[in-house]
Student: 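Here you go, one structure.
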Amino acid sequence: MITDFDGNAQHFIGSGDQGFNEGTYQTAAFCDPQGMALTSDKFYVADTKNHAIRRVDLTTQEVTTLAGAVE
């Protein structure tokens, strides 16, 4: 979930189902995401059970995989 500085929800990222899908905020799926880093308009998520590093583009609202593989 992305919030504003007051804690109000702005966007939800992911379908809510566990999995390994790239795509839009609504269709992407993660499996036990933990930890993230933010750089300007992108943030990076450690998708732990998928053994992957995922990139969330805040401008295009797309999720892609940078490294890793599903076991």
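Since the structure is predicted, the reported quantities are computational estimates derived from the model, not experimental observations.
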Student: Suppose we screen for side chain to side chain contact (heavy atoms under 4.5 Å, CB included). Which residues come up paired with F12, at least two apart in sequence or across chains?
Tutor: M1, A9
Student: With a 3.5 Å cut-off and no angle check, do the side chains of T24 and Q26 form a donor-acceptor pair?
Tutor: yes
Student: At their closest point, which heavy atom of N50 faces which heavy atom of G19, and how far apart are they?
Tutor: ND2-O, 2.9 Å
Student: If I take atom CD from residue E62 and atom CZ from residue R55, how far apart are they, to the nearest 0.5 angstrom?
Tutor: 10.5 Å
Student: First locate atom OG1 of T48, then atom NE2 of H51, and finally report the distance between them rounded to the nearest 0.5 Å.
Tutor: 8.0 Å
Student: L38 and Y25: same hydrophobic cluster, using ILVMFWY side-chain contacts below 4.5 Å?
Tutor: yes
Student: Start with the C-alpha distance between I53 and V45, add both sets of side-chain angles, then the distance that settles side chain to side chain contact (heavy atoms under 4.5 Å, CB included), and finish with yes or no.
Tutor: CA-CA 6 Å; I53 303 296; V45 178; over 6 Å; no
Student: Passes side chain to side chain contact (heavy atoms under 4.5 Å, CB included), C31 versus D47? Steps please.
Tutor: CA-CA 6 Å; C31 192; D47 194 0; 4.2 Å; yes
Student: To the nearest 0.5 Å, what is the distance between NE2 on H11 and CD1 on I2?
Tutor: 5.5 Å
Student: Mind listing the closest non-hydrogen atom pair of T3 and Q10 along with its distance?
Tutor: C-CG, 3.8 Å
Student: Could you tell me whether the side chains of T65 and E22 share a donor-acceptor contact shorter than 3.5 Å?
Tutor: yes
Student: Under 6.0 Å from the ring centre and within 45 degrees of the ring axis: does the NZ or CZ of R54 meet both conditions for the six-membered ring of F30?
Tutor: yes
Student: Give the C-alpha distance, both sets of side-chain angles, the deciding distance and a yes or no for side chain to side chain contact (heavy atoms under 4.5 Å, CB included) between N21 and T27.
Tutor: CA-CA 7 Å; N21 293 329; T27 61; 5.9 Å; no
Student: Given a cutoff of under 4.5 Å between side-chain heavy atoms of I, L, V, M, F, W and Y, with clusters grown through shared members, what are the other residues clustered with F5?
Tutor: none
Student: Do you know the tightest heavy-atom contact between A29 and S15?
Tutor: CB-OG, 4.1 Å
Student: If hydrophobic clusters are built by linking Ile, Leu, Val, Met, Phe, Trp and Tyr wherever their side-chain heavy atoms come under 4.5 Å apart, do V63 and F20 end up in the same one?
Tutor: no
Student: Strictly distance-based, threshold 3.5 Å: is any side-chain N or O of D57 a donor or acceptor partner for the main-chain N or O of T59?
Tutor: yes
Student: Answer yes or no: is there a donor N or O on one side and an acceptor on the other, between the side chain of D4 and the main chain of D6, under 3.5 Å?
Tutor: yes
Student: Evaluate the side-chain proximity of V56 to Y44: yes if any heavy-atom separation is below 4.5 Å, no if none is.
Tutor: no
